[in-house]
Amino acid sequence: MKTVIITILLLVVSNVFMTFAWYGHLKLSVSGISKNWPLFAVILFSWGIALLEYSFMIPANKMGFKDNGGPFTLFQLKIIQEVITLTVFTVIAMLCFQGQKFQWNHAASYLCLVAAVVFAFLPNK
């Protein structure tokens, strides 16, 4: 159970960095901080953040993978990671990008992802 919790926490932290690497430059641009940055500077900035993401993602996958003694299959790890990605993204988008609205179709999409997690954990027999 400890490995499950640590794996999920590492994935959450990784996805916080990933969300800022992928979308943080948009917020910086809107706020005027990086509005005049050349594209290569934005890419380097995002890569710097992505390095932190990988510093948490790789250990999470290594620790959580069943063939390394972890509790999850490769497919389960990926599906868990996708649900965490969307959850973290939603929270950050709602907090940092106030003009973005969470709509009914977003909720329906998320419920489909939760169903994907359920199906991924069903016994194979």
Side-chain angles (χ1 to χ4, degrees):
M1 184 55 117
K2 181 180 175 186
T3 306
V4 170
I5 292 169
I6 292 171
T7 299
I8 290 172
L9 287 175
L10 287 170
L11 289 172
V12 169
V13 172
S14 167
N15 277 281
V16 168
F17 284 117
M18 180 187 72
T19 300
F20 282 114
W22 287 10
Y23 304 104
H25 65 90
L26 299 174
K27 182 63 176 177
L28 291 177
S29 182
V30 168
S31 65
I33 294 171
S34 67
K35 191 170 188 87
N36 297 318
W37 288 9
L39 182 58
F40 79 89
V42 173
I43 291 169
L44 289 176
F45 174 79
S46 293
W47 277 358
I49 297 171
L51 177 62
L52 294 170
E53 172 210 345
Y54 279 92
S55 297
F56 290 93
M57 179 66 74
I58 301 303
N61 286 328
K62 186 167 180 58
M63 178 186 305
F65 185 44
K66 191 168 255 169
D67 288 358
N68 289 336
F72 303 117
T73 66
L74 187 63
F75 288 98
Q76 290 170 336
L77 269 172
K78 183 59 182 170
I79 292 168
I80 291 168
Q81 188 270 334
E82 291 300 329
V83 170
I84 290 171
T85 296
L86 282 174
T87 304
V88 167
F89 170 80
T90 300
V91 170
I92 290 173
M94 300 301 285
L95 293 174
C96 296
F97 293 89
Q98 314 259 297
Q100 302 297 311
K101 302 273 191 261
F102 190 74
Q103 306 288 333
W104 73 267
N105 56 327
H106 303 139
S109 299
Y110 285 21
L111 287 174
C112 290
L113 286 168
V114 170
V117 172
V118 170
F119 284 117
F121 282 87
L122 289 175
N124 293 329
K125 298 176 184 181

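For this chain, numbers begin at 1 and follow the sequence in order.
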task = Step by step, work out the side chain to side chain contact (heavy atoms under 4.5 Å, CB included) result for Ile92 and Tyr23.
result = CA-CA 10 Å; Ile92 290 173; Tyr23 304 104; over 6 Å; no
task = Could you state whether Phe20 and Ile33 fall into the same hydrophobic cluster, counting links through intermediate Ile, Leu, Val, Met, Phe, Trp or Tyr residues with side-chain heavy atoms under 4.5 angstrom apart?
result = yes
message = Looking at Thr3, is its backbone amide N or carbonyl O close enough to the side chain of Thr7 to form a donor-acceptor pair, meaning the two atoms are under 3.5 Å apart?
response = yes
ask   = Within a reach of under 6.0 Å around CZ of Phe75, are more than 12 heavy atoms found that belong to other residues, nucleotides or ligands?
value = no
message = Within the supplied structure, the quantity of interest is the number of heavy atoms (other residues, nucleotides, ligands) at a distance under 6.0 Å from Phe121 CZ; does it exceed 12?
response = yes
message = Do Val91 and Val83 sit in one hydrophobic cluster, given that two such residues count as connected whenever their side-chain heavy atoms are within less than 4.5 Å of each other, even indirectly?
response = no
request  = Start with the C-alpha distance between Phe45 and Trp37, add both sets of side-chain angles, then the distance that settles ring pair (Phe, Tyr, Trp, His ring centres under 6.0 Å), and finish with yes or no.
outcome  = CA-CA 10 Å; Phe45 174 79; Trp37 288 9; 5.5 Å; yes
query = What's the spacing between Thr87 OG1 and Asn15 CG if we round to 0.5 Å?
reply = 9.0 Å
Path from Leu26 to Met18 over hydrophobic side-chain contacts below 4.5 Å = yes
request  = Check Leu77 against Gly64 and note the closest heavy-atom contact, atom names and distance.
outcome  = CD1-C, 4.0 Å
Leu10 to Met63 - nearest heavy-atom pair and separation = CD1-CE, 4.2 Å
message = Grouping I, L, V, M, F, W and Y whenever their side-chain heavy atoms are under 4.5 Å apart, do Val4 and Met57 come out in a common cluster?
response = yes
Close side-chain approach of Trp22 and Ile49, heavy atoms under 4.5 Å = no
inquiry  = Quick check: is Leu95 connected to Val13 through a chain of hydrophobic side chains (ILVMFWY, heavy atoms under 4.5 Å apart)?
reply    = no
task = Start with the C-alpha distance between Phe56 and Val16, add both sets of side-chain angles, then the distance that settles side chain to side chain contact (heavy atoms under 4.5 Å, CB included), and finish with yes or no.
result = CA-CA 10 Å; Phe56 290 93; Val16 168; over 6 Å; no
inquiry  = Rounded at 0.5 Å granularity, tell me how far CD1 in Ile79 sits from CG in Leu113.
reply    = 9.0 Å
inquiry  = Can you tell me how far apart NE2 (His25) and CG (Leu44) are? Round to the nearest 0.5 Å.
reply    = 12.5 Å
ask   = How many angstroms lie between atom CG of Leu51 and atom OG of Ser46, to the nearest 0.5 angstrom?
value = 12.5 Å
ask   = How long is the span from the CD1 atom in Ile80 to the CD1 atom in Ile84, to the nearest 0.5 Å?
value = 6.5 Å
request  = Search all heavy atoms of Pro71 against all heavy atoms of Gln76 and return the closest pair with its distance.
outcome  = O-OE1, 4.1 Å
task = Could you give me the CA-CA distance, side-chain angles and deciding distance for Thr85 and Leu11, then say whether side chain to side chain contact (heavy atoms under 4.5 Å, CB included) is met?
result = CA-CA 8 Å; Thr85 296; Leu11 289 172; over 6 Å; no
ask   = At what distance, to the nearest 0.5 angstrom, does NE2 of His106 lie from CG of Leu86?
value = 10.5 Å
